[in-house]
Number of protein chains: 2
Amino acid sequence: MARASYHHGRLRETLVAHGVLLLAQKGIEGLSLRTLARKAGVSPAAPYRHFKNAQALAEAIAAEGFTRLRSTMLATMADPLLAGRTPLERIGMGYLSFAQRHPDHFQLMFSGRVCPDPGQPESALHQAGQAAFQALTDTIVEAQRQGLVAADVSPAELAVVSWSFIHGFATLLLAGFLDPQELNPGLSQAELADACQKLIRRGWGQKSTPKPRRR
Amino acid sequence: MARASYHHGRLRETLVAHGVLLLAQKGIEGLSLRTLARKAGVSPAAPYRHFKNAQALAEAIAAEGFTRLRSTMLATMADPLLAGRTPLERIGMGYLSFAQRHPDHFQLMFSGRVCPDPGQPESALHQAGQAAFQALTDTIVEAQRQGLVAADVSPAELAVVSWSFIHGFATLLLAGFLDPQELNPGLSQAELADACQKLIRRGWGQKSTPKPRRR
DNA sequence: GAAATAATGTTGACAGTGAACACATTAAAT
DNA sequence: ATTTAATGTGTTCACTGTCAACATTATTTC
């Protein structure tokens with residue numbers, strides 16, 4: 001931890017890296033600029049040479065979260081154990097997996113502590129978020145090519161819908177609003193996710209165009 | 001603000017009420033126990049007689065948020081201006097309306113500052129949240145009765161899916177991830193929401209039973 | 001290569017915060 | 001009426017984000 005030279009050399013990355021760890025250990029409330037400076041072996045004022053304020057540091061940590069979320073989703077896409085799943089199922093599982101393994105990081109990314117006004121759409125946070133979103137859009141295009149998803153709807157719309165659903169599902173799960181057995185018909189999380197996914201694919205509207213009844 | 005008697009009398013409610021206001025003015029970061037005590041004209045230690053700590057106060061404010069969210073949804077349900085909309089559209093509009101008019105309150109309710117572990121499912125927060133959720137479930141049952149929603153799916157499942165979607169949509173909207181015109185085909189928020197809603201009702205799966213091609 | 005300049009880190013201070021303690025005042029119960 | 005519980009006060013502590021003045025080093029420029 002202790003360093004020889006007066007300058008740290010890689011303080012910015014070190015702060016973000018320790019931020020990710022501290023977040024996992026102490027949660028969002030436990031994340032403090034001073035603590036991170038201490039862990040980096042640096043004075044409390046040093047971080048201000050790299051970040052305008054504590055929120056900017058939190059934004060950088062959140063941006064790193066989006067990068068990792070994207071990596072997790074891509075890894076899940078390539079996981080041979082999930083070969084039987086459709087691309088959209090796989091990427092959704094990646095999203096959920098990240099949210100559940102790094103709940104505090106996930107919450108920070110969307111907690112409003114970050115990016116309150118979209119005045120700076122060029123921020124690293126926005127870019128990292130859009131990159132993750134792009135992975136989802138790419139997956140949808142691929143699913144359309146494979147004939148797994150309706151091809152007559154714009155990928156962007158489909159991406160908005162699927163991201164909205166999976167994000168809401170993850171958030172409500174983390175917040176504990178989907179746990180009680182009273183409301184769910186005693187399903188495990190995987191079963192519930194699966195049921196929802198099937199329901200979405202099918203649509204929940206009344207079957208207004210009565211298909212030729214199978215029987 | 002100043003009071004005559006030594007005891008405040010309704011400190012708890014006063015703190016929560018001022019909390020809602022302060023939240024709207026200063027955002028989540030600006031919400032502090034001491035400031036609320038000051039606004040209530042009371043010493044910094046007084047709130048601790050009513051709340052175990054600052055987080056418990058935040059939870060009470062969040063619970064109040066769920067109560068108001070439920071009220072907003074019910075009001076939207078009854079709004080005569082929206083008579084042409086289906087019940088699910090109306091309640092979704094109520095949800096979005098609350099999220100956009102009280103973004104900080106909405107974020108607090110799901111920000112993880114609140115209810116980290118579901119060890120206390122009896123908390124007021126959980127109860128208020130479940131009451132809001134119940135309004136949604138009721139609406140779905142009603143929509144099923146009206147034949148607007150597939151009746152062969154459990155209302156609980158439909159409620160999970162619709163709550164997940166609308167919550168995710170609201171969150172991404174607030175976080176600014178749905179704004180850039182690059183990704184959306186230049187739609188207004190209302191148009192986007194409408195397109196998503198239609199898409200969900202129809203389902204996004206490949207039309208496995210190909211309708212007679214129009215041309 | 002030496003000097004000027006920019007980048008980066010330090011020290012010390014300040015106000016604001018959550019929290020705890022002993023104590024004061026009032027309401028409620030006996 | 002007296003005891004007891006509930007509620008509010010004053011004070012203190014450790015911690016936090018932030019800043020200004022200063023110190024050290026890296027980088028550029030002559």
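Everything numeric here is computed off the predicted structure, so don't read it as measured data. Below, chain A is the first sequence line, B the second, and so on; all start at residue 1.
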For this session: Carefully, step by step, assess Q107(B) and L174(B) under the rule side-chain contact (heavy atoms from CB on, under 4.5 Å).
Result: CA-CA 9 Å; Q107(B) 267 157 355; L174(B) 288 185; 4.2 Å; yes

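Regarding contacts with the backbone of dA7(C), every side-chain N or O of H50(A) stays at 4.0 angstrom or more from both OP1 and OP2. Of the side-chain N and O atoms in R38(A), one or more sit less than 4.0 angstrom from OP1 or OP2 of dT16(D). For the pair S32(A) and dT16(D), the criterion of a side-chain N or O lying under 4.0 Å from OP1 or OP2 is met.
Residues forming a side-chain hydrogen bond (donor to acceptor under 3.5 Å, both in side chains) with S97(B) (at least two apart in sequence, or on another chain): R101(B). S32(A) pairs by the side-chain hydrogen bond (donor to acceptor under 3.5 Å, both in side chains) definition with T35(A), not counting sequence neighbours. Applying the salt bridge (Lys or Arg N to Asp or Glu O under 4.0 Å) criterion to R68(B), with sequence neighbours excluded, gives E64(B). For R85(A), the salt bridge (Lys or Arg N to Asp or Glu O under 4.0 Å) criterion is met by E89(A), D194(A), not counting sequence neighbours. For T67(A), the side chain to side chain contact (heavy atoms under 4.5 Å, CB included) partners at least two apart in sequence or on another chain are A128(A).
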Polar-atom pairs under 3.5 Å, protein N or O versus N or O of nucleotides 3-6 of chain D: list them with distances, or write none.
none

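For the pair F51(A) CZ and dT18(D) P, the computed distance is 13 Å after rounding to whole Å. In this structure, NZ of K26(B) is placed 20 Å from P of dG17(D), rounded to the nearest angstrom. Distance, Q55(B) CD to dT17(C) C1': 16 Å, rounded to whole Å. Counting to the nearest Å, the C1' atom of dT11(C) and the CZ atom of R49(A) are 12 Å from each other. One interatomic measurement links the two molecules: NZ of K52(A) to P of dG17(D), which rounds to 15 Å at whole-angstrom precision. When the P atom of dT24(D) is taken as reference, atom CG of L11(A) falls 19 Å away, rounded to whole Å. Rounded to whole Å, atom P of dG12(C) lies 18 Å from atom OH of Y48(A). Atom CD of E29(A) is separated from atom P of dC15(D) by 17 Å (rounded to the nearest Å).
Within the 3.5 Å criterion, the main-chain N or O of A132(B) finds no donor-acceptor partner in the side chain of R70(B).
Counting any heavy atom pair closer than 4.0 Å across all strands shown, A54(B) reaches sugar-phosphate atoms only and no base atom. In this structure, G30(B) reaches neither bases nor backbone, as no heavy-atom distance under 4.0 Å exists between it and the strands shown.
Heavy-atom distances to DNA chain D give each of A45(A) and T35(A) a nearest nucleotide, and the one nearer the 5′ end belongs to T35(A).
Across dT11(C), dT8(C), dT9(D), the shortest atom-to-atom separation from the side chain of P44(A) is found for dT11(C).
Judged by distance alone, with hydrogens and angles left aside, R34(B) brings no side-chain donor or acceptor close enough to the base of dG16(C) to form a pair under 3.5 Å.
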